[in-house]
Amino acid sequence: QVQLVESGGGLVQPGGSLRLSCAASGSIRAFNFMGWYRQAPGKERELVAFITSGGEINYADSVKGRFTISGDNAENSYLQMNSLSPDDTAVYYCRRNEYIKDYWGKGTLVTVSS
């Protein structure tokens, strides 16, 4: 089993920045992709960004140019979020797909408000 723990969420003013981290531990194996998702109140969970083992990166249109996903040692992932707006308020989840197994963290709350 693999455990994922997100950190770095919190309250930030519009225009501010946050960096989310996703720490993986346990029986880590080669990954297919690592991703970040978010779920705003009253809305469905949506993809924010993902990075594949081959280095392919994709972003949701709503965050392109503002968010940057990265990873290290094929274990942890990060989401740098700049120019935050109230529309970015959500619980952010990280995901790790190891082909036949799929893992999710419990989420970290990001609130963008003045």
Side-chain angles (χ1 to χ4, degrees):
Q1 285 289 351
V2 172
Q3 294 77 43
L4 301 179
V5 178
E6 302 97 337
S7 62
L11 174 64
V12 63
Q13 292 187 341
S17 299
L18 283 175
R19 185 173 188 251
L20 305 183
S21 299
C22 177
S25 62
S27 303
I28 296 170
R29 299 179 181 273
F31 76 101
N32 181 24
F33 66 87
M34 296 188 287
W36 286 89
Y37 295 71
R38 66 186 182 186
Q39 187 166 17
K43 295 187 177 181
E44 295 187 352
R45 189 174 299 188
E46 63 176 1
L47 172 69
V48 175
F50 70 84
I51 181 169
T52 71
S53 58
E56 177 186 356
I57 292 176
N58 273 281
Y59 298 96
D61 288 342
S62 60
V63 307
K64 281 181 181 176
R66 300 188 298 122
F67 290 12
T68 303
I69 188 172
S70 61
D72 67 16
N73 298 324
E75 291 184 1
N76 306 318
S77 66
Y78 306 91
L79 187 69
Q80 177 66 43
M81 306 187 296
N82 299 328
S83 301
L84 286 162
S85 76
D87 289 341
D88 297 313
T89 295
V91 178
Y92 285 72
Y93 301 88
C94 65
R95 177 184 182 186
R96 181 182 178 87
N97 179 274
E98 295 182 349
Y99 299 97
I100 62 172
K101 291 194 175 183
D102 199 61
Y103 303 98
W104 290 82
K106 294 183 178 180
T108 185
L109 177 62
V110 172
T111 302
V112 185
S113 175
S114 56

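From a predicted model like this one, the values you see are computed outputs, not experimental measurements. Start at 1 with the first residue, then count along the sequence.
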Check: Can any side-chain N or O of Gln39 pair as donor or acceptor with the backbone N or O of Lys43 at less than 3.5 Å?
Finding: yes

Notebook entry, point to check: So which heavy atom on Ser77 is nearest to which on Cys94, and how close?
Noted result: OG-CB, 4.5 Å

Check: Asn76 side chain to Gly71 main-chain N or O, any donor-acceptor pair under 3.5 Å?
Finding: no

Next item on the list: Taking all heavy atoms of Ala24 and all of Val2, pick out the closest pair and write down the distance.
Entry: CB-CG1, 4.4 Å

Notebook entry, point to check: Got a salt bridge between Lys106 and Glu6, using NZ or NE/NH1/NH2 to carboxylate O under 4.0 Å?
Noted result: no

Notebook entry, point to check: Nearest heavy-atom pair of Arg66 and Ser85: which atoms, and what distance?
Noted result: NH1-N, 4.2 Å

Next item on the list: Any chance you could measure Ser53, atom OG, to Tyr99, atom OH, to the nearest 0.5 Å?
Entry: 4.0 Å

Item checked: Linked, directly or transitively: Leu47 and Val91 (ILVMFWY side chains, under 4.5 Å) -> yes

Margin query: Between Gln1 and Gln3, is the side-chain contact (heavy atoms from CB on, under 4.5 Å) condition met? List the steps.
Written below: CA-CA 7 Å; Gln1 285 289 351; Gln3 294 77 43; 3.7 Å; yes

Checklist line | Nearest heavy atoms of Ser17 and Ser83, plus distance in Å | finding: OG-N, 4.3 Å

Notebook entry, point to check: Between Arg29 and Arg96, which heavy-atom pair has the shortest distance, and what is it?
Noted result: O-NH2, 2.8 Å

Check: In terms of hydrophobic clustering (I, L, V, M, F, W, Y; side-chain heavy atoms under 4.5 Å; direct or indirect links), are Leu109 and Leu4 co-clustered?
Finding: no

Notebook entry, point to check: Can you find a heavy atom in the side chain of Ile28 that is under 4.5 Å from one in the side chain of Glu98?
Noted result: yes

Check: Which ILVMFWY residues are connected to Met81, directly or by a chain of links, through side-chain heavy atoms under 4.5 Å apart?
Finding: Val12, Leu18, Leu20, Phe31, Met34, Trp36, Val48, Ile51, Ile57, Tyr59, Val63, Phe67, Ile69, Leu79, Leu84, Tyr92, Val110, Val112

Check: Should Lys101 and Ser27 count as side-chain neighbours, where that means a heavy-atom distance under 4.5 Å?
Finding: no

Next item on the list: Tell me yes or no: between the side chains of Tyr78 and Arg19, is some donor less than 3.5 Å from an acceptor?
Entry: no

Note to self: Just verifying a value: how many Å separate Asn82 CG and Asp88 CG, rounded to the nearest 0.5 Å?
What the structure shows: 10.5 Å

